[in-house]
Amino acid sequence: RISAAETKHLGAIRTLLTRYRVTDPTKGMPAGEFQSDAFQDMYDDLLASGSASLQEALDAGATVERHDIADLRAAMVGLTTTDVKTVYTNLVRASQQHLAAFTR
């Protein structure tokens, strides 16, 4: 279910990108490839560490959600655009639920 939810979340962000005419940095990129070396390194490290066992996979998922929550909260500071703030708030809430699922 988390995978399906993440697809919906990406759709919400892409809607905002289109609405505000912001270039989508993921356009044309295959899954698991990132323009940012830092994101690519994090992804590669989490993929490698999460493939060793079920517990390590759950830990990797939890790490991603913690990063998402922190990044979204930081992006929300001073944000006044209502639709963007609503989407970010919903994404924080969803990431908190995903984190709870990964850490049960």
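Throughout, residue positions are numbered sequentially from 1 according to the sequence presented. As a basis for the values below, the full set of heavy atoms in this structure was taken, side chains included, without hydrogen atoms, waters or symmetry mates.
- Here CZ of R66 is found 5.0 Å from CG of L99. Values are rounded to the nearest 0.5 Å.
- In plain terms, the two heavy atoms of Y88 and A75 that are nearest each other are CE2-CB, 3.6 Å.
- L47 and F39 fall within the same hydrophobic cluster, where Ile, Leu, Val, Met, Phe, Trp and Tyr residues are linked whenever their side-chain heavy atoms come under 4.5 Å apart, directly or through other members.
- The aromatic rings of H9 and H98 sit parallel to each other, their planes meeting at less than 30°, with 60° as the upper class boundary.
- When atom types are taken as modelled, the side chain of T81 and the backbone of V84 share no donor-acceptor pair closer than 3.5 angstrom.
- By the 4.5 Å heavy-atom criterion applied to side chains, I13 and L91 are counted as neighbours.
- Looking at V87 and D83, their side chains never come closer than 4.5 Å, going by heavy atoms from C-beta outward.
- Side-chain contact check for T80 versus K85: every heavy-atom pair is 4.5 Å or farther apart.
- Between S53 and L58 there is no side-chain heavy-atom pair separated by less than 4.5 Å.
- Taking each heavy atom of S95 and I69 in turn, the nearest pair found is CB-CG1, 3.5 Å.
- In this structure, T26 contributes its side chain and M29 its backbone to no donor-acceptor pair below 3.5 Å.
- Between the side chain of Q40 and the main chain of Q35, no donor-acceptor pair closer than 3.5 Å is present.
- Closest of all the heavy-atom pairs between E65 and I2 is OE2-CG2, 4.5 Å.
- Across every non-hydrogen atom of L46 and A60, the tightest pair is O-CB, 3.8 Å.
- The CG atom of L16 sits 11.5 Å away from atom CG of D24, with the distance rounded to the nearest 0.5 Å.
- Criterion: ILVMFWY side-chain heavy atoms under 4.5 Å apart, direct or through other members. Under it, M76 and Y20 are part of a common hydrophobic cluster.
- Both L79 and L17 belong to a single network of hydrophobic side chains, linked directly or stepwise wherever heavy atoms of I, L, V, M, F, W or Y lie under 4.5 Å apart.
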